[in-house]
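This is a predicted model, so every value here is computed, not measured.
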Amino acid sequence: MESIKIEIPSLSENIRIVESFIDNTKDKYQLDDDIYGNIMIAITESVNNAIQHGNKFDKEKNVTLTVHHNSEAVKFTVEDEGNGFDYNDLPDPTAPENIDQPHGRGIFLIKHLCDEVEFKEEGRKVELSFYIN
């Protein structure tokens with residue numbers, strides 16, 4: 001499985017670097033437009049979570065983004081240097097008491113856009129897989 005990795009400081013403006021990385025991944029692996037949109041939203045949301053919630057906007061801490069590719073899937077790994085979180089104990093954003101909340105939908109959205117999502121290392125690492133065949 002071929003892989004490419006970048007590391008960015010935890011600054012919101014570095015999302016532009018992530019978007020370029022995803023565009024280059026699309027071109028390099030000739031990914032279909034129909035999964036490209038899902039990839040762009042899921043990966044930028046995941047990196048935003050790592051910057052904001054994981055590393056708490058600490059520019060001394062990095063977010064690492066890796067893409068792995070084979071003939072069946074493209075898998076992105078997003079890692080932060082934070083304390084992690086309990087990904088099994090998140091409020092349901094579709095529950096009536098949460099519908100009007102301005103936050104709390106990111107992981108829900110990520111899970112619906114990816115074919116597989118796996119949290120590791122106490123939530124500091126997430127693997128997002130998209131089937132390409």
Side-chain angles (χ1 to χ4, degrees):
M1 185 176 259
E2 183 180 357
S3 66
I4 304 167
K5 181 197 287 192
I6 63 169
E7 196 171 86
I8 60 168
S10 295
L11 300 167
S12 295
E13 57 262 33
N14 286 336
I15 290 299
R16 284 177 271 175
I17 296 168
V18 172
E19 291 168 345
S20 292
F21 181 82
I22 295 166
D23 286 340
N24 291 336
T25 299
K26 178 189 184 290
D27 294 342
K28 180 174 179 62
Y29 299 124
Q30 300 175 344
L31 302 175
D32 291 333
D33 288 340
D34 44 329
I35 67 165
Y36 167 74
N38 289 357
I39 291 171
M40 182 64 78
I41 294 167
I43 302 309
T44 56
E45 179 64 31
S46 186
V47 171
N48 266 321
N49 283 348
I51 290 170
Q52 180 179 1
H53 302 293
N55 290 342
K56 311 276 191 236
F57 297 107
D58 182 348
K59 64 184 179 187
E60 300 302 316
K61 293 182 178 179
N62 292 318
V63 175
T64 303
L65 174 60
T66 308
V67 62
H68 310 275
H69 174 267
N70 64 27
S71 61
E72 297 173 7
V74 59
K75 180 192 292 186
F76 292 84
T77 304
V78 178
E79 286 183 79
D80 64 55
E81 298 176 14
N83 295 325
F85 71 104
D86 185 356
Y87 47 87
N88 292 312
D89 188 32
L90 297 172
D92 178 359
T94 64
E97 65 273 14
N98 296 327
I99 290 292
D100 293 331
Q101 296 296 320
H103 301 287
R105 291 174 180 76
I107 291 176
F108 177 83
L109 183 64
I110 289 167
K111 287 180 176 179
H112 283 81
L113 292 172
C114 301
D115 292 307
E116 290 180 31
V117 177
E118 188 175 355
F119 293 95
K120 297 182 174 182
E121 298 178 18
E122 291 85 42
R124 288 184 301 276
K125 179 178 187 177
V126 61
E127 294 178 350
L128 307 102
S129 297
F130 302 86
Y131 302 139
I132 55 177
N133 284 334

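- In this structure, the side chains of Ile6 and Thr64 stay at 4.5 Å or more apart for every pair of heavy atoms.
- Scored by the salt bridge (charged side-chain N to carboxylate O under 4.0 Å, His left out) test, Glu122 finds Arg124 as partners (sequence neighbours excluded).
- Formation of a donor-acceptor pair under 3.5 Å by the Asn14 side chain with backbone atoms of Ile8 is not found in this model.
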From CA spacing to verdict: side chain to side chain contact (heavy atoms under 4.5 Å, CB included), Phe119, Asp86
CA-CA 10 Å; Phe119 293 95; Asp86 185 356; over 6 Å; no
Intermediate values then yes/no, side chain to side chain contact (heavy atoms under 4.5 Å, CB included), Phe130 and Ile43
CA-CA 11 Å; Phe130 302 86; Ile43 302 309; 4.2 Å; yes
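- Using a 4.0 Å cut-off between a side-chain N of Lys or Arg and a carboxylate O of Asp or Glu, Asp80 and Lys125 do not qualify as a salt bridge.
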Quick one: do Val78 and Val63 satisfy side chain to side chain contact (heavy atoms under 4.5 Å, CB included)? Show the steps, please.
CA-CA 7 Å; Val78 178; Val63 175; 3.9 Å; yes
Give the intermediate values and the outcome of side chain to side chain contact (heavy atoms under 4.5 Å, CB included) for residues Phe21 and Leu65.
CA-CA 9 Å; Phe21 181 82; Leu65 174 60; 3.4 Å; yes
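- Rounding to the nearest 0.5 Å gives a distance of 12.0 Å between OG of Ser3 and CZ of Phe76.
- Side chains of Asn55 and Glu81: no donor on one and acceptor on the other come within 3.5 Å.
- With sequence neighbours excluded, no residue forms a salt bridge (charged side-chain N to carboxylate O under 4.0 Å, His left out) with Asp34.
- With sequence neighbours excluded, the residues forming a salt bridge (charged side-chain N to carboxylate O under 4.0 Å, His left out) with Lys28 are Glu2, listed by chain and number.
- If you chain together hydrophobic residues whose side chains sit under 4.5 Å apart, Ile4 and Val74 fall into the same group.
- The line from CD of Glu127 to NZ of Lys75 is 4.5 Å long, rounded to the nearest 0.5 Å.
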